[in-house]
Amino acid sequence: MNKRRITIVSVLAMAMIFLSGCGFPGLSSSSDDTIRIAALNTTEQQILASMDQQMIEHYTDLHVTIISNLGSSNVSFEAMKRGDADMSAARYDGTDLTTILGKTSSGNPKTDSETVKKAFQKKYGFTYLPSYGFADTYAWMVTQATAKKYNLNTVSDMKTHASELSVGLDQTWMKRSGDGYPAFQKKYNFSFGTASPMQIGLVYDAVSAGKMDAVLGYSTDGRISSYNLKLLKDDQNFFPPYYAYPVATTKILKEHPELIKVLSKLSGKISVSTMQKLNYQADDELKEPSVVAKEFLQKHNYFEGSND
Amino acid sequence: MKNMNLGQQLVEYFINNGMYVLQQFSRHFLISIYGVLLAAIVGVPIGIWISRSKKLSDVVIGIANVIQTIPSLAMLSIIMLGLGLGVNTVIVTVFLYSLLPIIKNTYTGMQNVNEDILDAGKGIGMTAFQRLRFIELPLSMSVIMAGIRNALVLAIGITAIGSFVGSGGLGDIIIRGTNATNGAAIILAGALPTAIMAIISDGVLGFLEKKLDPSRH
Amino acid sequence: MISFFQANGAELILKIWQHIYLSFISLGLGIIVAVPIAIGLTRAKKIAGFVIGLASVLQTVPSMALLALMIPIFGIGSLPAIVALFIYSLLPILRNTYIGLNNVDPSVLDAAKGIGMSNMQSIIQVELKLAAPVIMAGIRLSATFVIAWATLASYIGAGGLGDFIFNGLNLYRSDLILAGSVPVILLALITDYILGKIEYVLTPKSIRV
């Protein structure tokens, strides 16, 4: 009996060591040469994460695993802070300024971006790598017919009809502090008749099908042009610019300095219209983000020779 | 894309992303298998151990029963708070849910071994370990396998939910389908392989279970 | 803790109510459909194997896959969730009712016939009564499934306590995760306990363990 108990305890102990230690073969869960990239549940983030992954695996011997489907940039931030992830596929400086740092925009995008980069380096040990080159921002959008009906050109134009409008919003934007709905109501001084939170990916269809009068979506979504939606101008400059950057922990960059060089090759290579096209391929042409990323990188020969 | 019917879209999807689906399929399967394997390593010895004591078995099976009753999304989220995002959290969750079927079936298998055969074993001078190795385990193998089978089917389902904490697998495809325009084809492209994986695993292990059944020899 | 309840208490109660509502409607439908089918199957044993086999396969389909498959058919909201949960609740009830009825001692049935009971009377007054504990065990298992998968149903817009969990996951807020998880765990455990008690009461004294 005693012998058996020892066996059991040792088996349990072995299992625990197995669990906590070396990781699982085939899953690149947690070994020294694995880079873990956090990606949100948006198409854009998943395409960028796949690009980072394929660039790293193309140029180095490192393995990459993507922690995908995270619900908001808060989650990917926490994942990096806790050490669950080594980098974020894309962070948007405007979002980090208002939600993570809790500051308001200075009105000057350059200053804002510098503030975020410095604070992230100093406070959290995260390094903002060079930007992909495009800015994504929240944008109010309506169909051309709705725009005509209510004579809408700017966000402020919605004020007079706000109580009759039903709008679709990103679930997380509803509640988030900084640049979320509560702050929006204060700045623009109106609220909507009905505001329905929904999956961000579904807002474009909802507005073009007439289920919603207006929706808050991402300016880089490919469906804006394919559905001929009208973007309303953010006349109060409520949404700061959200330039997209890969962000890595300074720790992982010290361990693998080659990452900086590899990821810098993507710097400035993705314009807004490129991103819209890539997003469109994944959202409307039945291609997985990783496939979209692969085709894009192969077409550009993995940006061989750039930034060397 | 809109002028294709669902079947055509599905074919188009697999042509575009076949390799990707295959990768996620194997990842999904590995996550489930690792969780169940760990549970077997831990659960079978526990099952054997508690088959020696009625009191102990009540307590252990009671605890495992409570774990089983907890909704898996709740369990997954709570474990995530402790272990963080990523695949390890999902493997631990799978492990916990696999424990009950494996422990319970091992226990039942051991209990069902005929006392007379054990006495005969004792009679010819077998040690306790030999009796376990040559009599009890072979005779209860089929029942234990049934437990592993239940556990694996459960595990494949839990792994799909694991995509919410970033573990990857076929759940990624399902979630993306719920987010994409005309996502029905993508949802199917994720859901069908998941269902097929579960049904085939169930069938194969069911076959093994029958093979191992001593009454059929 | 207190401030959390002040801020979210009303919403919490609403979500608990939605969760109970979703689970019980699906479970109720499951009972209404599965028990008569199982009774029919005991009278048509040839197709019983096939029907129960089919239900077993449905049970194998991962819940996430089944729920997602409902979206193209029924859209989002509580209807697709109820349909999916209903399908899940079928098998345990179907299988247990069938087994329970089959285990009824044939001599008892003969006796029922002997005293002039019709087929219907025999089913209601004798067979179902004797099979009640086994049927109840099936219902109990189904209840556990349904409460668990109702949590996931939040993802397709059905509401319920899953809303808190998903919001918590999306914002990385442990308070929201716990506000969803703890009540749903309690709900599952309490339901299981109560149904276990009913199962015990329904079991004839002579065969109680």
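Because the structure is predicted, anything quoted here is derived from the model rather than measured.
Counting heavy atoms from C-beta outward, I185(C) and M75(B) have side chains that stay 4.5 Å or more apart.
Taking chain B as the reference chain and counting heavy-atom pairs below 4.5 Å, the highest number among G162(C), A150(C), A143(C), A148(C) is found for A148(C). Of the listed residues V61(C), V182(C), V184(C), the one with more heavy-atom pairs under 4.5 angstrom with chain B than any other is V184(C). Between chain C and the options V153(B), I156(B), L154(B), heavy-atom pairs under 4.5 Å are most frequent for V153(B). Chain C forms the most heavy-atom pairs under 4.5 Å with one residue out of L188(B), I196(B), I175(B), and that residue is I175(B). Of the listed residues (L161(C), L189(C), L141(C)), the greatest number of heavy-atom pairs within a distance under 4.5 Å of chain B belongs to L189(C).
Distance check: L186(C) CG to I70(B) CD1 gives 9.5 Å after rounding to the nearest 0.5 Å. I158(B) CD1 to M64(C) CE: the interatomic distance, rounded to the nearest 0.5 Å, is 13.0 Å.
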Donor-acceptor table for chain C and chain B, threshold 3.5 Å:
residue : atom : partner : partner atom : Å
Y155(C) : OH   : T178(B) : OG1          : 2.8

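With a 4.5 angstrom heavy-atom cutoff, I177(C) touches chain B only via side-chain atoms. Contact of L66(C) with chain B is not made at all, since no heavy-atom distance falls under 4.5 Å. When heavy atoms are compared at a cutoff of 4.5 Å, I174(B) approaches chain C solely by way of its side chain, counted from C-beta outward. Looking at L76(B), neither its backbone nor its side chain comes within 4.5 Å of chain C, counting heavy atoms on both sides. Looking at I165(C), only its side chain comes within 4.5 Å of chain B, counting heavy atoms on both sides.
For residues 27-38 of chain C, an interface with chain B (any heavy-atom pair closer than 4.5 Å) does not exist.
Other residues, nucleotides and ligands contribute only 12 or fewer heavy atoms inside 6.0 Å of the OH atom of Y21(C).
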